[in-house]
Structure formats: structure tokens, C-alpha cells
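Labels below follow one simple rule: chain letters A, B, ... track the order of the sequence lines, proteins then strands, and each chain is numbered from 1. Small disclaimer: the values here were computed from a predicted structure and weren't measured.
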Amino acid sequence: MEEINVLSRKGESTRLPKGISAGEALKSLGEKKGNPAVAAKVDGELVDLSRSLEKDCTLEPLEQNSEEALEILRHTASHVMAQAVQSLYPEAKITIGPAIENGFYYDFDCPDTFSVEDLPRIEAKMEEIIKRARPINRKELDRQEAIRIFSQREETYKVEMLEELEDPTVSVYGQEDWIDLCRGPHLVNTAEVKAFKLTGVAGAYWRGDERNPMLQRIYGTAFFSKKDLKRHLQLLEEARKRDHRKLGRELDLFHVSDEAGPGLVIYHPKGALLRHILETFEKEAHLRRGYQMVIGPQLLKTEMWKKSGHFENYRENMYFTEVEGQSYGIKPMNCLAHMLIYKSTIRSYRDLPIRYFEMGLVHRHEKSGVLHGLTRVRQFTQDDAHLLCTPDQLNDEIKGIIDFALDMLQLFGFEYEIELSTQPEKRIGTDDDWERATNALEKALLDKEISYKIRAGEGAFYGPKIDILLKDALNRRWQCSTIQCDFTLPERFDLNYIGADGEKHRPVMLHRTLLGSMERFLGVLIEHYAGAFPTWLAPVQAIILTVTDRQNNYGEQLYQRLLSGGIRVEKDLRNEKLGYKIREAQLQKIPYMLVVGEREVEAGGVSPRRRDGKDLKLMETDDFTRLVMEENAVTDTVLKVK
RNA sequence: GCUGGCGUAGCUCAAUGGUAGAGCAGCUGAUUUGUAAUCAGCAGGUUGCGGGUUCGAUUCCCAUCGCCAGCUCCA
């Protein structure tokens, strides 16, 4: 029999019969059993375990504990689901069904509408398919042949996709009598799908384009073990419990009223206090890094927005109003006023860089369907800044912003990911400017040795951007910080400075936010901390709980003393049992509960109980104040610039 | 904006083509209490808003507003 050389990942070469399957070959190479392979890498290319090896190659297993393996499992699960759906709804047409971050989906065109009540039926059908434990087959077909087959099955979407492909041959996967056009790879048998759950239904446009018909999408998730699936479902449950809309109400932070208008946040005292704490801290941090605070007007003449390109490119998102025959646009961004401040006098190269900072309130008309709690609203405040500098200073300024942003995220305990977005179709400015701007951003990232992902065509209309996505305690990503490089607006507004050569030069402008929108960031913070804010941020840091009303006088004195000492303190002097007061304070997630009974009155101190249940025992009132002040000082990591 | 679902007391949730109900919260009273819920009583609703069908609609139908899950878009 003819043989081939197969090189293992350990670098050992073994002779095996030609045509052996990748799976069999892996066994022969003695790849360990404990973490079984779900696919193989042949010469670096991911293939099915059933793929036969026809020539000398390198062979590695793809084991269960990798992201790629999960993707294959989920992709296979999506096929099983599609088979189940088509067997239950013969009129359903298949479209696409990929693995996604935490699961998979499949989009169908079907005259019947699916609802969540239908999911158990589909799941049951999937179980049947899995129980039959049929092999999953791959076939290579001539493209025309594939078009014929899918036409016969009236899979019009598949035919459309096939007609757009250029390859002469395509691969088709299937089990039993069900087939799908697919690149693969897949698991070798439907029985390998051991732990799955369908999680939802939703509409989705064909090919993601809102001009196309809407399909019905079914979401699901799958894991290699029931245990992993359970853990994932628990994580979803945890996320639901942390929902900032729910906590916002329970902690009495804010509400959104349909009376006042959708997407407009109404802050209650504690929510407003949180913002005050966050914003005074941020203002201080900016001042210490050489930023200057400015305040621009809420509306500017529409002429200004035409000049800047916003009217042309951003009009659908803006609110306009007319007064005395003059049209005004409510600002969706803060940059215009900042440029006017720059232009208000003649600037020298010695003045640069100039860093204008504004807690800028902006309005953006968002489509009704996208509004969501605090994270997607129509009126929000940005911790916005515009930096004007010479081209030479650009690199240092970008790096300075990145440092600032990362210091900030670290304070809150966020992990992060970085993306670089390049020029979109709808844009202003020359290609040359875009290239310079993109290079400047990229160079700063390279200099700092930060890894990043490129998002082609995702930049703002006036410039490319670096986005810092923060990852919260549940590993969800949020876009908050953004750094946008802009050569165009300085041109349009004729900004300039006098250089050392006595000539006029054009400054570069950087637009940037750190936390982004204060409302979104607050929403993210609420979920990140599950409402239990660290002491420095907590709107109420301590609450005085008297044991009986005989301590109310002392409680009142203590309250005044802590309040004037700068502690954010409340008091609960009600005629209730201590256990009841503790329960309420605990549900309000207040960091310290100050129990005040006979003993404390006698000693003239306090007995703090920490939110985590720990009893700190009787202490001097001043010692408690010091304790809180020490916790407040965690912001020094951002305030004390290295 | 699109697709689907939902809208009942401040909150969480029942119920029915025939007078809308509970727990928590609220109020009143009793209780004076030591680390996650003391007891009793009272009050609270044109069932999102507007039409229609019907003897009768909170329930069925239509429209509208809002919310939720996604899609598209995005700080």
C-alpha cells in the first residue's frame, strides 16, 4: 500500500497509509485521549477529522479546549438546528447560520413566524436528530452542480450565494437527507452535539442590509459539556440580575419617563450625586494633565454645521430649531465651539499643544429601536476634549491620551481591547489627510506596543479613530473611549498658528473621550459593580443605624459630624428592628453600616459593619472617617501623574 | 426605522367576554428591638392612550405611544 509521511506537532515523522482519515492518523500519532480532537489542522489548514490525507503533510489536532473548537461545535449545532427547523417547517428556506461569540444562530425565510414558545419543539427535534447519531458528510461539488441541487430544493438564498461565488467547486455538508452549502469544518457526527440550548428569536435583515427583506433568526448556544452550558446560562442569569435598568430603579438612581420622552434620562438625587463624584474627579484629573476647561453653547447656527460637514453627513441625527427666522442646530458634538475658542485670538507654535476639555451635553436623534437604558440615549454628556497641536506633537499627544485612558480604566478594574477604524465611505477630507491621520494613530499604538484590531471603513466622517473597548466583570465589551484624528476640520475652519518661521501653519486636531458618554459609562459601572460601588464612588458611603430610639440623639450628632467631615452619610432612626435596617442598607449596597446602640453611645464611637458582612467592632469616630478617606484616595492612581 | 413579543397598584406578579387580586413598598397604631424582613389595621387601579366589535371589553379587532429581544446604526 502507498504510504505518506505525516509530521506531528512534536516534530516526529510517521509513515501512514495514503488516504487515511485525519482522525485515524491522529490516533496513530498517539495524540492524547483526555482532550479529544474535534478537527485537525493539516498543513495549518483546519479540516474535518474525516478528511483523508493524500500526501505528505503536517498534522495537528484541534482540541476541545480552544475557541476554534467551540466555533466548530456551534456551527455544527446551527446545522442540526436548521435541519430540525426544516423538518418542522418544510416551507422554511435556509440562509446562513454561523457560530458567533457566545453561541450560534441560523437565519430562515419562513412564512410561519417563530416565537419563543416554538423553541422547545425545535430543541426536541434537535435531540431526536442527535440521538440518531448520524455521520456528517462533506462533499465537493462542481458549482453548477450545486446550483442545480439547491434550485431543486428551492433554496433560493443558497442559489443566490452560489451564483456570486467564483470558485469552480464548492463544499456541501450534511447529515441524513439535509444539506447546506458550507466551508466547514464540522464535527464528524451529530451525536457530538451534547449540550445546547436555543436562547431566542429575532428578526435580521438578509445580508445585514436594512433594504433587504427581514429573515427570522433563531439564536442558540452549545458547549462540549452540560456543565459548561450550565455555567454559561448562569452567567446570563447574573447579567440579568445586574441589569442597570433594574438596579437603577432599586437603588433609586434614575429613571426614563415616556412622559418626558424616550432616551432622556432623569437623574434622582443618588444618580446625580454619582455623576457629580465621577465628574469632579475627572475634571481634576484633566486639569492635572494640562487640559483647560471650556464650555460651548448648546445650539449653534445651522450655517456652522454646514461649514463643518455635520449638516451634510450627520443631519439625520441632529435636532434643529428656528428662532426669529434663524435656523439653529442643537449640538451633537462639542468640537465647533472649541474651534471657535481656538480661533478667538492669534496662536503661536509656543501655545501648542492646546487641550480643551468640556463635560459637553450633546443631543443625538437615535432611531427609536436602538434606545436602551443608560447605554443608548438621545441626550448625554461626554467627557470630551479637543487637542490642537503641530504635526510634530501629534504622536506624543496620542500616546498621552492612551495613557490617560488606560489609567482611568484601571482605576475601575476594567480590561480592554483596542480597535483602529479606518476611512468610511461617507467622509470629508482628502485621501492624503486620511492616510496621514491613520498613520499617526497606528504609529502611536505601535510605539506603545499595544495590540489592536483593524476595523476597515468604520471611522468617523471627519477622521480615523482608535476605540478602546472596555471589558466589564462579566466579560462584556463596551465602547467608551475614542480618539479621533482630524486634519479636515482645522482646514474647513481655517485654524492656524504662527510657526517659528513666522509663517502660518495648520494645526492638527484630536477629538477624544475617555469614559465616552457619562450615561453609558454609569450604566456600565452599575453592571460592572452589580450596584455595589467602591466607597470612593458610592453615593451613600455610610448609614447610621440606631438600635432603639434612645440612641437617636447620638445618631443625629454623629450624622452631623460625619456629614461635615466630608462623608456621604445617611441615617436610619426609624422605630424598626436592627435586622430590618441592616437588610435595607444591605439591599441598597451601602459600603458601611454604622450600628449605634447603648455601647456606642457610652464609648462615643461607632461600630461599622461592612457591606460584605464583616463586623469592624467599636472604633473612634475619627478613625472611621480616616478609613473612608483612605478609600477615597484610590483615585490618586489617576490624579498623581507620573 | 425594521421584525417579533409585551404593556394590570410605586415595585414584582395573578385573574376573567359579566363588580380587577396578592406580596412587598406606603400610611396609622402597637412593639423599644444588637447585625438580612415584629404584629395588626387602612389606603392604593378609568387594566398605556384612542377607536371598533359586543347587551357588556381589562380580555377580541384596528390604530397609536412606550418597553423588551434582536437587526441596521452608534458615545
Roughly, in whole Å, what's the span from CG in A:D118 to P in B:G5?
-> 11 Å
Any strand, both distances under 3.5 Å, Watson-Crick or G-U wobble: B:G18 pairs with B:C55
Just how far, in rounded Å, is C1' of B:U32 from CG of A:L578?
-> 12 Å
Of all the choices, B:U35, B:A75, B:G66, which nucleotide is nearest to the side chain of A:D615 once you look at every atom?
-> B:U35
With rounding to whole Å, what would you report as the distance between B:C6 and B:U59 at their C1' atoms?
-> 15 Å
Residue-phosphate contact under 4.0 Å: A:Y580 side-chain N/O, B:U32 OP1/OP2 | no
Should the pair A:D407-A:R289 be classified as a salt bridge under the 4.0 Å nitrogen-to-oxygen rule?
-> yes
Could you tell me whether the side chain of A:R550 has a donor or acceptor atom within less than 3.5 Å of a complementary atom in the base of B:U32?
-> no
Could you check which nucleotide pairs with B:U46 in any of the strands shown, counting Watson-Crick or G-U wobble with both distances under 3.5 Å?
-> none
Does a sphere of radius 6.0 Å around CG in A:N553 hold more than 12 heavy atoms from other residues, nucleotides or ligands, not counting ones at 6.0 Å or beyond?
-> no
Atom CZ of A:R611 and atom C1' of B:A36 are separated, to the nearest Å, by 15 Å
Of the listed nucleotides B:G34, B:U32, B:G1, the one nearest the side chain of A:T548 = B:U32
Hey, does the side-chain of A:R376 have a donor or acceptor N/O within less than 3.5 Å of a partner on the base of B:C73?
-> yes
Polar pair under 3.5 Å, donor/acceptor by atom type, side chain A:E259, base B:G66 = no
Calculate the interatomic distance between A:R574 atom CZ and B:G29 atom P; express it in whole Å.
-> 16 Å
Under a 3.5 Å limit on both distances, the Watson-Crick or wobble mate of B:C67 is B:G5
Look at all strands and tell whether A:R249 reaches a base, only sugar-phosphate, or nothing, counting heavy atoms closer than 4.0 Å.
-> sugar-phosphate
So what does A:V377 touch, heavy atoms closer than 4.0 Å: a base, only the sugar-phosphate, or nothing?
-> base
When the aromatic ring centroids of A:F521 and A:F380 are compared, is their separation below 6.0 Å?
-> no
Position toward the 5' end of RNA chain B (nearest nucleotide), A:M214 or A:R245 | A:M214
Please state whether the phosphate of B:G1, meaning OP1 or OP2, lies under 4.0 angstrom from any side-chain nitrogen or oxygen of A:S368.
-> yes
Would you mind reading off the distance between A:L251 atom CG and B:C11 atom P, rounded to a whole angstrom?
-> 16 Å
Report which part of the nucleic acid A:Y105 touches: base, sugar-phosphate, or nothing (heavy-atom distance under 4.0 Å, all strands).
-> nothing
For A:R609 and B:G34, is the shortest distance between a side-chain N/O and OP1 or OP2 below 4.0 Å?
-> no
Under the 5.5 Å and 30° test, is A:F380 stacked on the base of B:A75?
-> yes
Pairing partner of B:C73, by Watson-Crick or G-U wobble and under 3.5 Å for both distances, is none
Which part of the nucleic acid, if any, lies within contact of A:K617, taking any heavy atom under 4.0 Å across all strands shown: a base, the sugar-phosphate backbone alone, or nothing?
-> nothing
Verdict with supporting geometry, A:Q216 and A:Y89, side chain to side chain donor-acceptor pair (under 3.5 Å) = CA-CA 13 Å; A:Q216 297 189 68; A:Y89 306 86; over 6 Å; no
Going through the distances and angles, do A:M318 and A:F311 end up as a side-chain contact (heavy atoms from CB on, under 4.5 Å)?
-> CA-CA 8 Å; A:M318 289 179 66; A:F311 191 81; 5.9 Å; no
Polar pair under 3.5 Å, donor/acceptor by atom type, side chain A:E366, base B:A75 = yes
Can you check the A:L587 CG to B:A25 P distance for me, whole Å?
-> 11 Å
Is the distance from OP1 or OP2 of B:C71 to the nearest side-chain N or O of A:Y219 less than 4.0 Å?
-> yes
For B:C74, does either OP1 or OP2 sit under 4.0 Å from a side-chain N or O belonging to A:H372?
-> no
Of A:E458 and A:Q586, the one whose nearest nucleotide on RNA chain B sits closer to the 5' end is A:Q586
Regarding the side chain of A:I582, the nearest nucleotide among B:A36, B:C71, B:U38 is B:A36
Measure the distance from CZ on A:R477 to P on B:A75 and round it to the nearest whole Å.
-> 17 Å
Can you check whether A:Y319 and A:H365 have ring centres sitting under 6.0 Å from each other?
-> yes
Sidechain N-carboxylate O distance under 4.0 Å for A:K426, A:E312 | no
Hey, does A:Q551 reach any base, or is it just sugar-phosphate, or nothing, if we go heavy atoms under 4.0 Å?
-> nothing
Would the A:H528 and A:F414 ring centres measure less than 6.0 Å apart?
-> yes
Nearest listed nucleotide, side chain of A:E210, among B:G1, B:A37, B:G34 | B:G1
Using atom P of each nucleotide, how far apart are B:G45 and B:G4 to the nearest Å?
-> 36 Å
Partner of B:U38 by Watson-Crick or G-U wobble geometry, both contacts under 3.5 Å, or none?
-> B:A30
Reckon A:E519 touches a base, only the sugar-phosphate, or nothing at all at heavy-atom distances under 4.0 Å?
-> nothing
Rounding to the closest angstrom, what is the interatomic distance between B:U8 and B:C67 at atom C1'?
-> 15 Å
To the nearest angstrom, how far is A:K246 atom NZ from B:C67 atom P?
-> 20 Å
A:Q382 side chain near B:A75 phosphate (N/O to OP1/OP2, under 4.0 Å) | no
Among B:A75, B:A69, B:C67, which is the nearest nucleotide to the side chain of A:A202?
-> B:A69
Using the P atom as the reference point in each nucleotide, state the distance between B:C61 and B:G48 in Å, no decimals.
-> 15 Å
From CA spacing to verdict: side chain to side chain donor-acceptor pair (under 3.5 Å), A:E598, A:Y554 | CA-CA 10 Å; A:E598 286 307 327; A:Y554 180 76; over 6 Å; no
Classify the side chain of A:Y205 versus the base of B:G1 as yes if they form a donor-acceptor pair under 3.5 Å and no if they do not.
-> yes
Whole-angstrom distance between B:G23 and B:G7, as gauged at atom P = 23 Å
